[in-house]
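Single-structure report; data block below.
The sequence lines fix the lettering, A, B, ..., with proteins before strands; numbering per chain opens at 1. Keep in mind that this is a model prediction, so the values were computed, not measured.
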Amino acid sequence: MDVVYFAWVRERIGVPRESVETQAATVADLVAELSARDARYAAAFADLTAVRVALDQDLADFDASLAGVREVAFFPPMTGG
Amino acid sequence: MDVVYFAWVRERIGVPRESVETQAATVADLVAELSARDARYAAAFADLTAVRVALDQDLADFDASLAGVREVAFFPPMTGG
Amino acid sequence: MRVVVQPEPFDAGAEASAFAAGRSDIGAVVTFTGVVRSLEDDPIMAMEIEHYPGMTERAITGIVQTAMDRWDLADALVIHRFGRLEPGAPIMMVATAAAHRAAAFEAADFLMDYLKSRAPFWKKEHRADGGATWVAAKDDDEAALDRW
Amino acid sequence: MRVVVQPEPFDAGAEASAFAAGRSDIGAVVTFTGVVRSLEDDPIMAMEIEHYPGMTERAITGIVQTAMDRWDLADALVIHRFGRLEPGAPIMMVATAAAHRAAAFEAADFLMDYLKSRAPFWKKEHRADGGATWVAAKDDDEAALDRW
């Protein structure tokens, strides 16, 4: 599964994109798995109210299933316009 | 006193501007005086809810005083923009 | 502030480009352009706009000043034509520039509401059969002023 | 509908001129242009805009489609830049064209609210002292979506 990061989430984790081997069932499971793996993830995901997630480029919730998903994206609330 | 007319008020009265000798104290008095003078005015002023007035280029009410006024304008509700 | 009342066409894009150009204290520019509309099922040949020379400039300037007093605008522009206009031609435009988006949007909306009902212009539509009709003000136009 | 996501500058005036040009079924055109703002008491050197290639175009297209389904729009345009932008430079623009003024205004306002909070862009401000700060989303931005 491809995982991509943007803005300060990307800066804290230190890479813009990586391939992750995981059996996580939901986004929340994946976040817990990554946070346990390394302090960089724990720092990026410390306050999940400040993090948004997209599954295959559609916004989703943290309890969404990862079944069939190819690309997960984590980023701060958007500031376009 | 100069009296000017616009849009269908002008068309009904038949002139865009005229000089009027009057002792009318208020706009309403002037309207009554003109309406009594000729059917063209009576037609233009038949429905005063559809007529607006400006005194020296500021919108005013029909009960406004004409003291010191140099130019009275009658016209329909505006349709700019 | 710039207020222009003229019979000549204007280039809304070029006016928008020149408006507030090169200022870095501005975050938001809103423009509105009104165009002579001719619908397929009710085509018009031309729109004739009558105005009250002198009062027009005075009324528009007053309206723009009210907007600039009420919102924190960096600049504002109003251009309004009069005379005989063809379908598809620009009638008028407003532009507002502000640090923030909400001020620019609200002020432009306010300007349009007031220009429509408080600036001395009257529109007449000329049709192919030779008929011509004065455009009637709508109750909604007057009611819109209560929003502000 | 036209959606453009690019690093290059654009000419908002020229885009406005070309947008819905020559159509006589349109009565109202509204444009909004967002500009990189740098205030005297808090100057920035540059605005860096990061985006999510692919999702950006997809999200904007969805937002514009929602607007066109909801309002009777003749056309809509969104241009949004990414990369490093200088103060005073245009960041993005929206344009809406409709038969009536209210639809054009409301749709442009709607597009801005949604682009701000639902299109995957992130702004970072670079300051003269070398510091850089990600612009934080405001609670108001999210609350603004409830208007629609």
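Contacts between Ala99(D) and chain C at a heavy-atom distance below 4.5 Å involve backbone atoms as well as side-chain atoms. For a residue to count as touching a neighbouring chain, one of its non-hydrogen atoms must lie under 4.5 Å from one of that chain's; by this rule Asp113(D) touches chain C with backbone and side chain alike. If you measure heavy-atom distances from Ala108(D) to chain C, the contacts under 4.5 Å come from both the backbone and the side chain. Contact of Asp42(C) with chain D is not made at all, since no heavy-atom distance falls under 4.5 Å. Only the backbone of Ala14(C) comes within less than 4.5 Å of a heavy atom of chain D; no side-chain atom from C-beta onward does.
Between Asp11(C) and Ser17(D) there is a side-chain heavy-atom pair separated by less than 4.5 Å. The shortest side-chain heavy-atom distance between Ser38(D) and Asp25(C) does not fall under the 4.5 Å cut-off.
Around CE of Met68(C), the count of heavy atoms belonging to other residues, nucleotides or ligands within 6.0 Å exceeds 12. The 12-atom threshold is not exceeded at CG of Asp139(C), counting heavy atoms of other residues, nucleotides or ligands nearer than 6.0 Å.
Atom OG1 of residue Thr33(C) and atom CD1 of residue Ile26(D) lie 11.0 Å apart, to the nearest 0.5 angstrom.
The two residues Phe105(C) and Val30(D) come nearest to each other via the heavy atoms CE2-CG1, 4.4 Å.
Between chain D and the residues Arg37(C), Met112(C), Glu40(C), the most heavy-atom pairs under 4.5 angstrom are made by Arg37(C). Between chain C and the residues Ala16(D), Gly27(D), Ala20(D), the most heavy-atom pairs under 4.5 angstrom are made by Gly27(D).
Using a cutoff of 4.0 Å between basic side-chain nitrogens and carboxylate oxygens, Arg101(C) and Asp141(D) are not scored as salt-bridged.
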